[in-house]
Amino acid sequence: MLKALATLAITALPTLASAQFIRSEVFRIPVVSLSATTFEVVAADFAGPAQIWCAAAKYSDSRFGRKQKSLWIQRGYGASGSFGGYKSVIFSTKPVGTTSKSLTFGIRSVGLRKSVGSARFLCDDDQFGVWITDRP
């Protein structure tokens, strides 16, 4: 019996090694420009903190180019002002109130600062895809 299980395991290994894992999560996240320095990232498609920061970094890159180095949370996770029934985070390209840094990617603390590069790191396409849209 043990020999049969070992033989089965050895024959299954090549099959597992050649398996392709396909990314199935794609988040379509609306981003709304509110002013020259602020924008709202809407938590659509069950997006969590990583996807929200990723969307903020992608939007920052597309709107301001790579010259924008940091983003701050102006208003933490709460009701969206642009889309009823959705939650959102408002980001700023300028320091907001008392600023702080954190090793985590929280979305609730006003003044929390992250570099655009570290937020962009969360956009690893092997984990999930984030698409910027204009509506949920």
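Numbering starts at 1 and runs along the sequence shown.
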How many angstroms lie between [atom1] in [X] and [atom2] in [Y], if you round to the nearest 0.5 Å?
X: K87; Y: I52; atom1: NZ; atom2: CD1; result: 11.5 Å
X: F121; Y: S115; atom1: CZ; atom2: OG; result: 11.0 Å
X: I107; Y: Q51; atom1: CD1; atom2: CD; result: 9.5 Å
X: L71; Y: T38; atom1: CG; atom2: OG1; result: 11.5 Å

- Message: So, using side chain to side chain contact (heavy atoms under 4.5 Å, CB included) as the criterion, who are the partners of P95 when residues are at least two apart?
- Response: W72, T99
- Note on the structure: Sorted by chain and residue number, the side chain to side chain contact (heavy atoms under 4.5 Å, CB included) partners of T98 (sequence neighbours excluded) come out as none
- Note on the structure: Those residues at least two apart in sequence (or on a different chain) that pass ring pair (Phe, Tyr, Trp, His ring centres under 6.0 Å) with F39 are Y59, F91
- Members other than V42 in its cluster, when Ile, Leu, Val, Met, Phe, Trp, Tyr link by side-chain heavy atoms under 4.5 Å? V32, L34, F83, Y86, I90
Where is the tightest heavy-atom contact between [X] and [Y], given as atom of each residue plus distance?
X: P49; Y: F105; value: CB-O, 3.2 Å
X: A47; Y: I29; value: CB-CD1, 3.8 Å
X: V116; Y: Q68; value: CG2-O, 3.4 Å

- Item | Sidechain-backbone polar pair: W53 side chain, G106 backbone, donor-acceptor under 3.5 Å | yes
- Query: salt bridge (charged side-chain N to carboxylate O under 4.0 Å, His left out): which pairs involve residues 59-78, sequence neighbours left out?
  - Reply: D61-R66, D61-R120
- Task: Provide the full list of salt bridge (charged side-chain N to carboxylate O under 4.0 Å, His left out) pairs with a residue in residues 105-115, sequence neighbours left out, each pair given once.
- Result: none
Sequence-distant partners of [X], side-chain hydrogen bond (donor to acceptor under 3.5 Å, both in side chains), two or more places apart:
X: S62; answer: none
X: S80; answer: E40
X: S109; answer: none

- side chain to side chain contact (heavy atoms under 4.5 Å, CB included) between I73 and V96, intermediate numbers included: CA-CA 7 Å; I73 293 180; V96 177; over 6 Å; no
- Under a 4.5 Å side-chain heavy-atom rule over Ile, Leu, Val, Met, Phe, Trp and Tyr, are L112 and V31 clustered together? yes
